[in-house]
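Just so you know, ligand 1 is whichever comes first in the structure, and atom 1 is the first atom listed for that ligand. These figures come from a predicted structure and were not determined experimentally.
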Amino acid sequence: MRIDILTLFPEMFNSVFSESIIGRALKNNIFTVNCINIRDFSEDKHKRVDDYPYGGGPGMVLKPEPVFKAIQNVRKENSRIIFLTPKGKVYNQKIAKELSKEEHLVLLCGHYEGIDNRIIENYVTDEISIGDYVLTGGEISAMVLIDSVVRLLPGALGKKESYMEESHYNGLLEYPQYTRPREFNGHKVPDVLLSGNHKEIEKWRIYQSLKYTYLRRPDLLEKKELTKEEEEILSKIKLNFSN
Ligand SMILES: NC(=O)c1ccc(NCc2cccc(O)c2)nc1
């Protein structure tokens with residue numbers, strides 16, 4: 001997979017590409033990434049990339065030409081041209097999985113008050129928001145998208161990193177995790193996890209996953225097909241926690 005990032009602040013990405021899973025995935029050629037400064041495509045002698053909004057109003061708007069030239073410079077046959085914006089479709093693991101199957105992603109990071117709408121109408125294929133809040137620019141949203149997509153690419157996760165997709169993103173919240181020591185500040189690890197009884201451990205984990213999801217994200221339960229066993233456990237949870 002190749003990812004091109006169109007931004008006015010390419011240096012913001014340096015640390016995220018040198019560290020941890022992304023850094024290793026780059027080193028192992030699991031994917032390639034390239035940051036492009038939109039300002040390099042500004043034609044006017046002052047290198048302007050933004051201007052005042054027609055119709056008045058606060059803030060500045062990214063001019064269409066520099067963005068268009070930057071997109072044309074990197075786009076391929078089936079590139080997904082993704083604009084990160086508070087107006088976009090709210091991002092989730094399902095979208096991450098879909099994007100991880102693409103050959104080429106172009107991430108367009110807006111600043112100021114956004115971008116000339118003619119770019120969105122005619123050249124952007126996807127508008128994505130990472131959540132309902134406004135950031136200074138789309139760069140942090142782009143980093144979130146890159147991290148969540150790259151870790152799904154074959155070979156990105158070493159054998160050490162568990163690919164948690166199954167346990168905590170089979171549509172339910174993940175069960176609680178513990179490690180050594182057995183007792184810490186008087187707080188003990190649940191006995192079942194020390195029992196070596198894998199059947200009981202699995203049951204406890206399913207119970208915890210369903211409990212947390214029921215209490216914190218009942219919306220996820222609505223969408224989830226539960227097995228008969230899970231349904232039975234959930235009805236016990238509902239009795240225990242009927243508020
Ligand atoms: N929720 C998000 O993913 C998100 C994305 C970008 C952003 N800021 C740049 C921007 C871009 C476009 C319009 C605009 O008003 C602001 N803020 C939040």
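Heavy-atom neighbours of Lys69 NZ from other residues, nucleotides or ligands within 6.0 Å: above the threshold of 12. In Asp132, the CG atom is not crowded: 12 or fewer heavy atoms of neighbouring residues, nucleotides or ligands sit closer than 6.0 Å.
Taking distance alone, with nitrogen or oxygen atoms compared against 3.5 Å, Ile130 approaches ligand 1 more closely than that limit. Between Leu84 and ligand 1, no pair of N/O atoms sits closer than 3.5 Å. Residue Gly131 has at least one N or O atom closer than 3.5 Å to an N or O atom of ligand 1. Note: an N/O pair closer than 3.5 Å links Ser141 and ligand 1 by distance alone. Considering backbone and side-chain atoms alike, Thr85 places every N or O at 3.5 Å or more from each N or O of ligand 1. Considering backbone and side-chain atoms alike, His111 places every N or O at 3.5 Å or more from each N or O of ligand 1.
With sequence neighbours excluded, the residues that form a side chain to side chain contact (heavy atoms under 4.5 Å, CB included) with Thr227 are Glu229, Glu230.
Checking side-chain atoms of Thr213 against main-chain N and O of Leu173 turns up a donor-acceptor pair under 3.5 Å.
Between Glu98 and Arg80 there is a salt bridge, since at least one side-chain N of the basic residue sits less than 4.0 Å from a carboxylate O of the acidic one. Ionic pairing of Lys188 and Glu183 is not present here: no N-O contact between side-chain nitrogen and carboxylate oxygen is shorter than 4.0 angstrom.
Taking the six-membered ring where the residue is Trp, His187 and Phe184 present tilted rings, their angle falling between 30° and 60°.
Close approach to Tyr133 involves these atoms of ligand 1, each under 4.0 Å from a residue heavy atom: 1 (N), 18 (C). Near Ser129, with a cut-off below 4.0 Å to any heavy atom, the atoms of ligand 1 are 1 (N), 2 (C), 3 (O). Interface atoms of ligand 1 facing Phe83, defined by a heavy-atom separation under 4.0 Å, are 12 (C). If you number the atoms of ligand 1 from 1 as listed, the ones under 4.0 Å from a heavy atom of Gly110 come out as 9 (C). Atom numbering of ligand 1 starts at 1 in the shown order; those under 4.0 Å from a heavy atom of Gly114 are 12 (C), 13 (C).
Under a 4.0 Å heavy-atom criterion, Tyr91 is not in contact with ligand 1.
Interatomic distance, Tyr91 OH to Leu84 CG, rounded to the nearest 0.5 Å: 9.5 Å.
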